[in-house]
Structure formats: C-alpha cells, structure tokens
Amino acid sequence: MTTILEDSAFVRACRGLPVPHTPVWFMRQAGRSLPEYRKIRAGVGMLESCRRPDLVTEITLQPVRRHGVDAAILFSDIVVPLAAAGVDLDIVAGTGPVVAEPIRTAADVARLRPLEPADVGYVDEAVRLLVPELGPIPLIGFAGAPFTLASYLIEGGPSRTYLKTKAMMYGEPDLWHALLGKLADITLAFLRVQAGAGVSAVQLFDSWAGALSEADYRRYVLPHSAKVLGGLADAGLPRIHFGVGTAVLLRAMGEAGADVVGVDWRTPLDEATTQIGADKAVQGNLDPAILFAPWEVVEREARRVLAEGKAAPGHIFNLGHGVMPETDPEVLTRLVELIHRN
C-alpha cells in the first residue's frame, strides 16, 4: 500500500524540496497535555491503549484536529514490539516500562524471538484506519532504536546511569552485539509493518543514545541503527532519526542512514547542520520548557529556531523533545499558527 503524501509540506521538507510553509508537528503531541486524551485513556493501561486500533486512531487524530499540525505520529510506545515478541513487561504509570526478567545472559538473549507481522496486526489495522481519516495529512510511523530498547531490557526499566547496559556493552561485546542484532531485526519488522500499511514517513527514536561517547556510539550502536534505517531504503519513505543529548553524536547519527536528523534543544540547528552535513534535513528544536514562558518569549525563540533551520536543505519545526504533560494546549495551537505564517 503506497500512500506517501509526496506533495505535503512535511514530506517535501524531509526531502529538502521547496515548501509553502515550514511544516510543524510535536513529539508527544498525542498525549497527556490534551484533556480529550486523558478522558479517552481513563482506566485503560498504556499497552492496552496501543493494542486497540480504535483508540490508537482517535488518539493519533486528536492533535491534528486541535492544533492543525502538518503531520500525525502513530500513537504507540517504543516497547510495544518487545511485548508483542513475548517480553514480559508493563508500562507503569509514573515510572515507564518495567521488564519482569531483565536480559543479562546469553540464555536471556536466546529467548528473544523475532517479531512476526501477525504479532502486531493491531498496528497494521490502526494505520489502515488512520490513513483515510487523515486525508492529506501524512502519518509518521514510530519505533525505538536498538540501543534504547536494549537499555530498558538490560536495566529492567528506566535508568539515569545505564550501568548495567554499559557493563554488558564494554564487558561482553559479543553478547551485546547479539542482543542489538536481534533488536534491530524486531524494530525493522515493526517499521516494515507500518510502512506496508501506509505511513508516509518513519521516525526512529534513540532516546538514550546521548549517554554514549561518539567512539562508543560508532562501535556499539551505529551498525545496528544503520541496519534498521538501511532496511527501509526500499520502502521509499523519509526516515527520521532522533535522540536526546546527542550534540557529540550528530555527525555519526547522520551517517546511520536517515534522511532527516532530529536535533534536541541543546544544539542550534545551523550548528547541527554543519555537523550532520548539508545533504540532510533537520527536525526540531524548541526547548519544551519555553512553552511555559510568556508568549513574547515563545514567539522570539520560535523565530530563532526557524532562522537557524534555514541552514539545512529542509526543516521540520518541532520541539527539542516531547510535549510536557502540563503544557497548555492553546500555546501549542498558537505556535502552529505562528510557524505557518512565517
């Protein structure tokens, strides 16, 4: 099913083509900042929400209706394919993903089975429901990158230090690469389901890659992210790669095979473009905390981001990470209007 909306401002910006206006969407735009989201999610667990095509469809559409953004992103979670592949985990409110039996040994890695398309049939169904509902608005597919998935599996949940993750990476490199190889296959299979169902682009989130040096990223992570992104080359979709705290990694992340590199708020987009290379579009990168400042500050900083984004062949306006739950939705709507006027 080929439904890439090539004429949309979002896809054109991904490809470095002229656009009628800078396209804008927000990471975590379909989430806790919206009262309609909180209402529809009441009493429904996160994993259950991600497995119900009707809920996925409605939640994905909510920010498009409210804010008028230029792209929707599939409502999901990075651990959805892991759970579908048989990993015993849950997404605990206020904590995040918690893994019942963390992966620490070769036997643990051996238990990790491949992801079959039928395991995530609900994702295929949700995408096929969404594409006609969205009409001219592109849908972005969603997946977590191998390193970030590995960190959850090894630590057993969120971590600030990644001590167990790095202990395996440095101390048992063969085991590490075996694990990340399997995770790359799972992630690729998950994204290929979404591509086959009709998404117009995909974003690979390596949320915790900023915990690494460039040398370690190149040695232990880059080959596996490149396997995922390269495995999607024949789909013809724009591929976006994003991480947090990745200032020293931008050049390497640009080499992983994405068409667009997402940049967090710490690095100006013109400086990021110098590192990434002038052949790739950029996405970002307003600090989500700025949305809590007076409007004149939001407007000033948004214009700065727009100006810095002109250094790249294409720019998709976004935040430098996700929308915070306490964000006033009216500010987001007003920000979209501002970006569209400039």
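For the pair Thr22 (side chain) and Asn342 (backbone), a donor-acceptor distance under 3.5 Å is absent. When atom types are taken as modelled, the side chain of Thr274 and the backbone of Asp270 share a donor-acceptor pair closer than 3.5 angstrom. Checking side-chain atoms of Thr327 against main-chain N and O of Met324 turns up a donor-acceptor pair under 3.5 Å. Of the possible donor and acceptor atoms, none in the side chain of Glu214 sits under 3.5 Å from a partner among the backbone N and O of Arg251. No donor-acceptor pair closer than 3.5 Å links the side chain of Thr246 to the backbone N or O of Leu249.
Between Arg334 and Glu299 the shortest side-chain heavy-atom distance does not fall below 4.5 Å. Put simply, the side chain of Thr165 reaches to within 4.5 Å of the side chain of Glu155, judged on heavy atoms. The shortest distance between side-chain heavy atoms of Val123 and Val56 does not fall below 4.5 Å. The shortest distance between side-chain heavy atoms of Tyr152 and Pro158 falls below 4.5 Å. Between Ser49 and Phe75 there is a side-chain heavy-atom pair separated by less than 4.5 Å.
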Counting only pairs under 3.5 Å, give me each side-chain donor-acceptor contact of residues 94-105, with atom names and distances, residues two or more places apart or in other chains.
unit_1	atom_1	unit_2	atom_2	d
Arg104	NE	Ile154	O	2.7
Arg104	NH2	Ile154	O	2.9
Thr105	OG1	Ala107	N	3.4
Thr105	OG1	Asp108	N	3.2
Thr105	OG1	Asp108	OD2	3.1

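Salt-bridge annotation for Arg192 and Asp234: present, with a side-chain N of the basic residue lying under 4.0 Å from a carboxylate O of the acidic one. Of the charged side-chain nitrogens involved, at least one lies within less than 4.0 Å of a carboxylate oxygen, so that Arg304 and Glu301 count as a salt-bridged pair.
A pairwise comparison of heavy atoms in Arg66 and Pro329 identifies NH1-CB, 3.5 Å as the closest pair. The two atoms that bring Ile276 and Val263 nearest to each other are CD1-CG2, 4.2 Å, heavy atoms only.
No single ILVMFWY cluster, assembled from side-chain heavy atoms under 4.5 Å apart, contains both Ile240 and Leu5. Taking hydrophobic clusters as Ile, Leu, Val, Met, Phe, Trp and Tyr residues chained together by side-chain heavy-atom distances below 4.5 Å, Ile137 does not share a cluster with Leu17.
Using cut-offs of 30° and 60° for the angle between ring planes, the Tyr220 and His177 rings count as parallel. Between Trp208 and Tyr162, the ring planes are tilted. Angles from 30° to 60° get that label.
More than 12 non-hydrogen atoms from other residues, nucleotides or ligands lie less than 6.0 angstrom from NZ of Lys166.
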